[in-house]
**Student:** 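Please read through the structure below; I'll follow up with questions.
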Amino acid sequence: MKLQQLSLFLENRPGRLEAPLAAIAAEDINILTLSLADTAQFGILRLIVRDWEKAKRILEQDGWVVNVTEVVAVDVLDRPGGLAAALKILEDADLNIEYMYAYSLRRGDKAILIFRFEDPDRAVQVLLDKGLHVVGGEELISSTS
Amino acid sequence: MLRELWNDAEGGFHPASAPDFLPETALREVQLRRLRAVVARAYEHVELFRSRLDERGLTPDSIQQLEDIQRLPFTVKTDLRDTYPFGLFASPMSDVVRLHASSGTTGKPIVVAYTREDVEVWSEVMARTFAACGMHRGDILQNAFGYGLFTGGLGAHYGGETLGATVIPISGGNTDRQIMLIRDFQVSALCCTPSYFTHMVERARELGVDLRELPLKIGIFGAEPWTDGMRKHIEAEAGIKAYDIYGLSEITGPGVASECSTQEGLHIFEDHFYPEIIDPETGEALPDGEEGELVLTTLSKKAMPMIRYRTRDITSIITEPCACGRTIRRMRRIGRRSDDMFIIRGVNVFPSQIEAALLRVEGTLPHYQIILTRAHGLDQIAVEVEVTPEVFSDKIRGLEEVRKRLAQAIEHIIGIRVELRLVEPRTIARSEGKAKRVIDRRNEG
Amino acid sequence: MSLADRQPHSPADSIWNPTAETMPRAELEALQLERLRSLVERVAHVPFHRDHFAHHEIGTHSIRSLADIRRLPFTTKNDMRRHHPLGLLAVPRKDLARIHGSSGTTGKPTFVAYTARDLDIWSELCARFLVAGGLKPEHTVQVAFGYGLFTGGFGLHYGIEKVGAAVIPAAAGNTRRQIEIMRALDPEGLICTPSYALTIADAARDLGIDPRSLPIRLGHFGGEPWSEDMRREIEEELDISAFNNYGLSEIIGPGVSGECSARDGMHIQEDHFLVECLDPETLEPVPEGEPGELVITSLTREAMPMIRYRTRDIARLYREPCSCGRTTMRMSRVTGRTDDMLIIRGVNVFPSQIEEALLRVEGTTPHYLIEVSRPGTLDEVHVKVEIHPEIFSDRMDRMQSLCERISREIHTVAGIRAHVDLVEPRSIERFVGKAKRVLDKRNIQN
């Protein structure tokens, strides 16, 4: 149920974001979603792609430092309070979120959020127990194609 | 020969310590003579003082006996600010050899001046302080008080030199290096703020250095309040005797009073600094033994005499004679103050200074709270500021920028590093009446 | 004759110690020889010197003329480090009045010690060049040099005191506060590094204050190399006269030499220091006026005398008489170093110290570069560290704390605040053989 997310180290200067994206685009790998965290000096690009192993190989060949992290994608209702309800469940279960971002596409009345948990396995368990829909890799890919 | 005797004596004596042992009548005579001289000097040269005496129909001749000091007006901290910078000087600049400054309540520094003679007296009382704490010529003194405009560093430095010690002027900070020096140089005495030493003790343990096995035997701590619990901890952990000393830059800097080998109260060097205890509400003098605000008069200061300066420190005079043989009176350790000032790492800070800094950056005063903690023995100051829509920015670096600017503005005014935390709106408790701006958690746990 | 007795504006007005500073050459050289001979005698019991002397078969008899100094062996920074902390001490420890540090090539500083008499001489030497640069007893001087283990502020502090002027011991940093103090207390003099003088000017302008309206009229700057262009800039910006001085803590601290009103070279205080200028390769004297490495012997130091200390500083010496009337030899500005030491905001830093700091943070050493620049008036150090999988995390806080940790270690070891830039893999140029670890983009040569 967990997704493999790639993260890349980037210097925060013009044009740095384009290079890795172009590299994987050249190999026809589709980026499902991305998020960028930055400081004045550097940034971390986080990517979810269709074929993460291939993307990792390509990026590493190009000399990027790439990390693979397990993240969890969760469906929430795309209406006011939808996210809050999901967060409440996580809080009650004392699950620590290290960061999160929104998936770029919606599915009908649902939005997908990507979470990085300290303990992703327990998080998946809790979310399933509470009846939330955890979106797996295959499902994510098919829903966006 | 006499010098050797002094230096070898167990109790920590030094030729300069002689006035500590004056018979009381002789001491009172010296005090009265000096009091009359300093009042005359201030009357002649300091306009503010002269006009206050004139208003009361007093002249320097009104001082016929020591008790007459009670007829004189007080000097308060705001007098220094109102006459900033030179208004209380009683010497021309050509006689001034040193200027020090400490932070005042509005960000404007308080300036204090010394003639060559003043620096000599200051060096002497600091040498007497070190002697009272058991130091001798030949001791190696690591001076970890901060050097600069703050009087702690240079005061201790000159005192150590006068005593004949070897001074290592390391100043504050770089704890690993401090510990390395204590070890490599067989340092026998060290002075700094008590909180910084507690930090050193912790760091030494982390580095696997057992301070108890080193020659360090004497710790001289001051510039901030500390407890007997802290003393026991420091003494046990570092294998030293820890002494409390007292001073304030308005009076001279460190060297106003010091503990002796008995560690029971601080001897006031009252041949130079005349102490009174008053009721802080009424200003009435209180008899020896009663607790009240300490008021000090500099008996020999030339450049900037202070007459009946209200220290805001609460203490009492100990009436019993001391077992060490010193005849100069003792006061109890300072436990609290009569205003909202707090002391962190030896620096006096008023909440109003922090407000001034926040105002300068933000234009309006945000909700804020000052939190004092003690981590690894070192005092930490954190300022929490609620984020307002004006300062909010969606980029990490935008908020980071705001945080840095606020922190820098505060550091600029108070001169020490603060941790600035931006917090969400309405997370700082509001209260009716006076806001609780300072949360002091240093003595918790 | 006390200073106050002198005629105003007489040439002697700017000479603190006319006997020493205008001594006829023959007399001065005789004094130097006498002091050199007694120095050799005084240090003969110090194991380091004793072994050195024995090895070179040297005794007091070996020194018949000043030229015989060339028979004495050199002392280097390495010798000091090998004899950490005070192995070169020539007096009993109980006679020490002060211990200072000087930067070492690694995290361990080397130490220098002073007796009370050494301190007295040090104050005298600083008084001499301060007065040569126009300081008067009625002046007030702001000392914006750091006070502490390193000799920076202390020599000048005591020198000003000796002259009888007032000291404001402002110490380094907090520029706005420096300006506030300056405006409140009206000092005529300023003591700091030359680059910090320009920082003060810039900061004043940012506060809407015309730097030329600041009360200071003369400045004594040192602690880092600077150029004539920079002097012109400082004088123009602050409307002051700027004077250069030279010294190093291994020898005594500031006070080895300083400029007079002619500002044409720095007068060496030859009654206390014997200075040679040698080719660093052959160790032979260079022709007069040619650049070479300064090698200094401290003739009168008691606690820790140095014999032929190799300073690694490149400068020129010249002996033509000066218009000021002093008879002492002069030296040019320091124009370079014979080793890789950097001077950052007046702090001596060796690249090896930065490497040592990086070694303490796992995974940062294989590829790094120290970049020194002077974007405004102050030196900045950026340490670029290449990212690789071992130290990369997808979490922002971890990456930031990595930077902070490196920065903290650098501060502990080298005493400077460095910016740590994490950079992409392979962005730092690779070298065959010895890597180039330092890129100094400052332009401080003339």
Side-chain angles (χ1 to χ4, degrees), chain B residues 84-86 92-101 103 107-109 111 113-116 119 137-140 142-143 146-151 153-154 157 160-161 164-178 180-181 184-187 303 396 400 408-409 411-413 415, chain C residues 84-86 92-101 107-109 111 113-116 119 136-140 142-144 146-151 153-154 157 160-161 163-177 180-181 183-187 303 396 400 411-413 415:
Chain B
Y84 174 87
F86 302 128
M93 274 309 289
S94 57
D95 289 344
V96 170
V97 299
R98 184 88 62 77
L99 295 164
H100 277 277
S103 30
K108 252 196 182 169
V111 175
Y114 304 77
T115 64
R116 194 179 289 276
V119 172
R137 194 184 96 90
D139 264 316
I140 301 181
Q142 184 156 322
N143 183 8
Y147 281 75
L149 290 172
F150 167 60
T151 47
L154 284 166
H157 180 93
E161 226 161 52
T166 305
V167 180
I168 306 182
I170 191 165
S171 201
N174 208 336
T175 311
D176 288 9
R177 178 170 288 170
Q178 303 263 8
M180 180 189 91
L181 259 76
D184 292 1
F185 284 91
Q186 312 277 299
V187 167
I396 291 178
E400 195 49 34
Q408 276 167 2
E411 282 160 21
H412 167 63
I413 288 186
Chain C
H84 175 90
L86 292 175
R93 275 207 183 196
K94 67 170 177 50
D95 291 346
L96 298 184
R98 182 94 60 79
I99 292 168
H100 276 291
K108 266 200 173 178
F111 291 94
Y114 302 74
T115 63
L119 292 178
K136 304 215 176 332
E138 61 270 27
H139 285 166
T140 300
Q142 186 157 339
V143 179
Y147 285 74
L149 200 52
F150 298 104
T151 47
F154 279 102
H157 174 99
I160 298 161
E161 212 165 62
V163 173
V167 182
I168 307 172
N174 206 338
T175 312
R176 284 174 60 172
R177 182 124 191 251
E180 269 169 24
I181 286 162
R183 301 220 308 159
L185 304 182
D186 281 334
M396 210 63 180
Q400 275 170 326
H411 184 245
T412 303
V413 176

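Computed from heavy atoms alone, side chains included, the values below leave out hydrogens, waters and symmetry copies. Convention: sequence-line order gives letters A, B, ...; per-chain numbering from 1.
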**Student:** Please look at C/Ala165 and chain B and tell me whether the side chain, the backbone, both or neither of the residue comes under 4.5 angstrom of a heavy atom of that chain.
**Tutor:**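 Backbone of C/Ala165 only, per the 4.5 Å heavy-atom cut-off to chain B.
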
**Student:** For C/Tyr114, is it the side chain, the backbone, both, or neither that has a heavy atom closer than 4.5 Å to a heavy atom of chain B?
**Tutor:**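 The answer is neither part of C/Tyr114.
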
**Student:** Return the set of residues passing side chain to side chain contact (heavy atoms under 4.5 Å, CB included) with B/Ser171 (not counting sequence neighbours), or none when no residue passes.
**Tutor:**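 Counting only residues at least two positions away or on another chain, B/Ser171 forms a side chain to side chain contact (heavy atoms under 4.5 Å, CB included) with B/Tyr147.
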
**Student:** Who are the ring pair (Phe, Tyr, Trp, His ring centres under 6.0 Å) partners of B/Phe150, not counting sequence neighbours?
**Tutor:**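 Ring pair (Phe, Tyr, Trp, His ring centres under 6.0 Å) check on B/Phe150 returns nothing, list empty.
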
**Student:** In terms of heavy-atom proximity below 4.5 Å to chain C, should B/Asp184 be classed as side chain, backbone, both, or neither?
**Tutor:**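 Contact with chain C: backbone and side chain both.
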
**Student:** Taking C-beta and beyond as the side chain, do B/Gln408 and C/Arg176 meet within less than 4.5 Å on heavy atoms?
**Tutor:**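 Result no, sub-4.5 Å side-chain heavy-atom pair not found.
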
**Student:** Give me the atom names and distance for the closest heavy-atom approach of C/Ala184 to B/Pro85.
**Tutor:**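 C/Ala184 and B/Pro85 have their closest heavy atoms at O-CG, 3.2 Å.
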
**Student:** Heavy-atom distance under 4.5 Å to chain C: side chain of B/Glu411, backbone, both or neither?
**Tutor:**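 Contact with chain C: backbone only.
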
**Student:** Among B/Leu181, B/Val187, B/Thr166, B/Val167, which one satisfies side-chain contact (heavy atoms from CB on, under 4.5 Å) with C/Ile99?
**Tutor:**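 Going through the options one by one, the only one that passes is B/Thr166.
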
**Student:** Between C/His139 and chain B, which part of the residue has a heavy atom less than 4.5 Å away: side chain, backbone, both or neither?
**Tutor:**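 For C/His139, no heavy atom lies under 4.5 Å from chain B.
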
**Student:** Answer with side chain, backbone, both or neither: which region of C/Leu119 has an atom nearer than 4.5 Å to a non-hydrogen atom of chain B?
**Tutor:**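 Looking at C/Leu119, just its side chain touches chain B.
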
**Student:** Heavy-atom pairs under 4.5 Å with chain C are the metric here; pick the option from B/Met93, B/His100, B/Arg116, B/Glu161 that has the most.
**Tutor:**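 Of the candidates given, the most pairs with chain C belong to B/Glu161.
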
**Student:** Check whether B/Val96 gets within reach of chain C through its side chain, its backbone, both or neither, counting any heavy atom under 4.5 Å.
**Tutor:**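 Both parts, heavy atoms under 4.5 Å.
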
**Student:** Are more than 12 heavy atoms, taken from residues, nucleotides or ligands other than C/Arg183, located less than 6.0 Å from that residue's CZ atom?
**Tutor:**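 Check fails, neighbour count at 12 or below.
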
**Student:** If you tally heavy-atom pairs under 4.5 Å against chain B, which of C/Gly148, C/Gly101, C/Pro187 wins?
**Tutor:**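 Between C/Gly148, C/Gly101, C/Pro187, the count favours C/Gly148.
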
